[in-house]
Amino acid sequence: MGTTLSAAEARRAALRAQGLLGALPGRTVPGLLHRLGAVQLDTISVLARSQELVPFARLGAVGRPAVHRAFWEPKGPGAARAFEYWAHAACVLPAEDWPLFAFRRRSYRNRNDMWGMAPDHVSVRGVMERLASDGPLTTTELGGARKTPGWWEWSDVKQAVEYLLACGDAVCVERRGWRRVYDLPERALPEAALHDELTDHECHVGLLARAGRALGVGTKSDLSDYYRLRNVGKFADVAEEAGLLPVEVEGWGQPAWASPEALEFLEAGGRGRHRTTLLSPFDSLIWERARTERMFGLSHRLEAYVPKAKRVHGYYAMPLLHGGDLLGRADPARETDRKAGDVLIARQVSLHSRRAVEPMAKALWEAAEWVGCERVRVEQVVPGELAEPLREAVVSR
């Protein structure tokens with residue numbers, strides 16, 4: 001019989017594992033990336049892009065240039081600290097984890113639907129020759145991403161370099177602005193990471209260990225979803241090999257596993273200072289919808305691609321974390337007022353109760369100051385009776 005955890009203990013273990021409860025050792029962006037194992041990338045920028053919001057939520061007002069340097073500014077050949085690849089989605093990953101994705105690179109090499117590309121395709125050969133002789137290079141420098149100006153279709157060059165990225169023959173360890181810079185793995189990555197020797201099973205074991213460390217406690221679905229693992233074999237056996245321990249969580253109604261670090265934290269009292277912050281919709285704390293609802297009682301959905309008339313909480317609704325609970329959401333925007341300076345606008349705020357008013361005001365101001373806004377303006381509030389208390393709390397801060 002495994003250890004039995006209360007729902008509150010499981011929630012604290014998850015928050016601790018995600019760096020949202022208690023002080024983070026080192027408090028650096030590279031240290032955070034190592035703890036989380038993956039930070040999801042996304043092109044939407046409201047306050048900032050998601051990969052900047054994730055460190056902000058945990059470290060506070062860490063400078064955005066510091067995030068860029070930590071993720072995308074290698075100091076020389078073989079010095080990359082991170083690379084981009086398909087994990088939970090497109091993610092920034094620690095450079096030392098390159099070997100653990102050998103199973104996925106092999107899978108891509110064995111597919112026959114990779115945009116019509118293959119190792120002997122003329123565009124693939126051409127891109128490889130350019131990277132070898134002139135790299136690192138952007139897609140523009142390789143020949144352009146679109147077939148014809150104004151068309152949405154990828155050019156052969158773009159298809160070729162993305163094929164090479166998926167197969168592991170090219171790597172992205174740098175960005176210029178928002179543009180990927182492609183290079184050869186043997187030139188960009190640390191020598192110790194440059195191998196594909198791990199079997200699929202060994203990759204699954206290593207990644208489940210990292211998922212357990214990052215989640216603290218989770219079900220088979222939770223743990224597998226962290227890196228989108230499929231067909232890992234008999235899960236309980238693989239989880240045991242990964243060092244995870246079977247537990248029961250009250251109210252979950254399904255088997256779960258915890259990392260030894262999470263259980264040690266709980267045995268020591270499971271205490272620490274909670275962060276009050278707005279979370280990116282792509283934050284790894286809330287990646288898996290069923291887990292978020294099970295653990296926090298929040299039905300979370302990104303509505304950026306939902307027609308405006310059908311949105312419930314807003315275009316880029318960011319959940320409010322306070323005291324270990326998710327207490328509401330805010331849909332932010334920014335505007336420049338010539339007289340008043342930059343303004344953070346909470347276009348819509350959804351609050352679960354009066355308890356959320358002060359934490360939401362605090363979180364809005366912290367986000368505003370981080371992105372250089374001088375004022376906060378609250379527009380629509382649900383429920384309506386909390387609109388005036390929230391506006392008063394915002395003004396009084």
Side-chain angles (χ1 to χ4, degrees), residues 1-22 24 35-38 40 57-58 87-88 204-230 232-277 279 281-301 319-328 352-353 355:
M1 178 68 68
T3 301
T4 298
L5 305 178
S6 68
E9 287 175 322
R11 188 164 56 247
R12 289 202 304 274
L15 290 164
R16 174 68 176 184
Q18 281 283 302
L20 291 159
L21 173 59
L24 282 175
R35 172 184 283 267
L36 299 181
Q40 186 172 339
R58 290 152 176 82
H88 180 82
H204 292 156
V205 169
L207 289 175
L208 272 183
R210 280 158 175 72
R213 180 185 68 194
L215 291 176
V217 59
T219 65
K220 173 183 176 180
S221 176
D222 299 339
L223 293 161
S224 299
D225 182 72
Y226 203 80
Y227 290 105
R228 306 289 200 201
L229 300 180
R230 304 288 182 268
V232 299
K234 189 175 180 182
F235 188 86
D237 291 345
V238 180
E240 180 180 5
E241 194 173 344
L244 305 183
L245 302 171
V247 297
E248 293 182 11
V249 180
E250 294 176 355
W252 282 20
Q254 52 188 307
W257 288 262
S259 71
E261 296 86 352
L263 295 180
E264 289 170 8
F265 167 69
L266 293 174
E267 288 169 4
R271 302 300 174 190
R273 184 177 180 180
H274 286 280
R275 279 284 290 152
T276 295
T277 188
L279 298 173
F282 303 101
D283 194 290
S284 49
L285 179 71
I286 53 174
W287 267 347
E288 216 277 326
R289 289 185 189 176
R291 173 183 172 84
T292 303
E293 191 155 3
R294 182 191 336 123
M295 188 167 281
F296 296 101
L298 183 80
S299 179
H300 169 66
R301 181 189 183 192
L320 169 69
L321 178 68
H322 173 72
D325 293 320
L326 297 178
L327 299 181
H352 294 178
S353 68
R355 177 190 168 205

Task: Candidate pair K234 and V238, rule side chain to side chain contact (heavy atoms under 4.5 Å, CB included), full reasoning - done: CA-CA 6 Å; K234 189 175 180 182; V238 180; 5.7 Å; no
TODO: Go through the steps to decide whether R355 and D325 satisfy the test salt bridge (charged side-chain N to carboxylate O under 4.0 Å, His left out), and finish with yes or no.
DONE: CA-CA 11 Å; R355 177 190 168 205; D325 293 320; 3.1 Å; yes
Open item on the list: Working note: S221 + E288, criterion side chain to side chain contact (heavy atoms under 4.5 Å, CB included); need CA distance, chi angles, decisive distance, verdict.
Closed with: CA-CA 9 Å; S221 176; E288 216 277 326; 4.0 Å; yes
TODO: Show your working on side chain to side chain contact (heavy atoms under 4.5 Å, CB included) between V249 and E9 and close with a plain yes or no.
DONE: CA-CA 9 Å; V249 180; E9 287 175 322; over 6 Å; no
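Here the CG-CG distance, from L321 to L327, works out to 8.0 Å after rounding to the nearest 0.5 Å. Separation of atoms CZ (R273) and CG (L20) is listed at 13.0 Å; rounding is to 0.5 Å. Remark: H300 NE2 to T292 OG1 distance equals 6.5 Å, nearest 0.5 Å. Going from atom CG of L208 over to atom OG of S259 covers 12.5 Å, rounded to the nearest 0.5 Å. Atom CG of residue L285 and atom CZ of residue R11 lie 11.0 Å apart, to the nearest 0.5 angstrom. Between the OG1 atom of T4 and the CD atom of E248 there is a distance of 4.5 Å, given to the nearest 0.5 Å.
For R58 and D283, the salt-bridge test passes: some basic side-chain N is under 4.0 Å from an acidic carboxylate O. R294 has a carboxylate O that lies under 4.0 Å from a charged side-chain N of D222, or vice versa, which qualifies the two as a salt bridge.
R12 and G269 get closest at one heavy-atom pair: NH2-O, 4.4 Å. Contact detail for A10 and V217: the closest heavy-atom pair is O-CG1, 3.6 Å. Minimum interatomic distance between L326 and P319 (heavy atoms only, all atoms of both residues): CD2-CB, 4.3 Å. Closest of all the heavy-atom pairs between A211 and Y226 is CB-CB, 3.7 Å. Closest heavy-atom contact between A209 and A242: CB-O, 3.5 Å. Here the shortest heavy-atom pairing between A13 and L266 reads CB-CD1, 4.1 Å.
Annotation for R228: atom CZ counts as buried by contact number, over 12 foreign heavy atoms lying within 6.0 Å. Residue E261 qualifies as enclosed at atom CD: its count of foreign heavy atoms under 6.0 Å is above 12.
Although no hydrogens or angles enter the test, the distance criterion places a donor-acceptor pair under 3.5 Å between the side chain of W287 and the main chain of F282. The backbone N or O of A214 lies less than 3.5 Å from a partner atom in the side chain of Q18, making a donor-acceptor pair.
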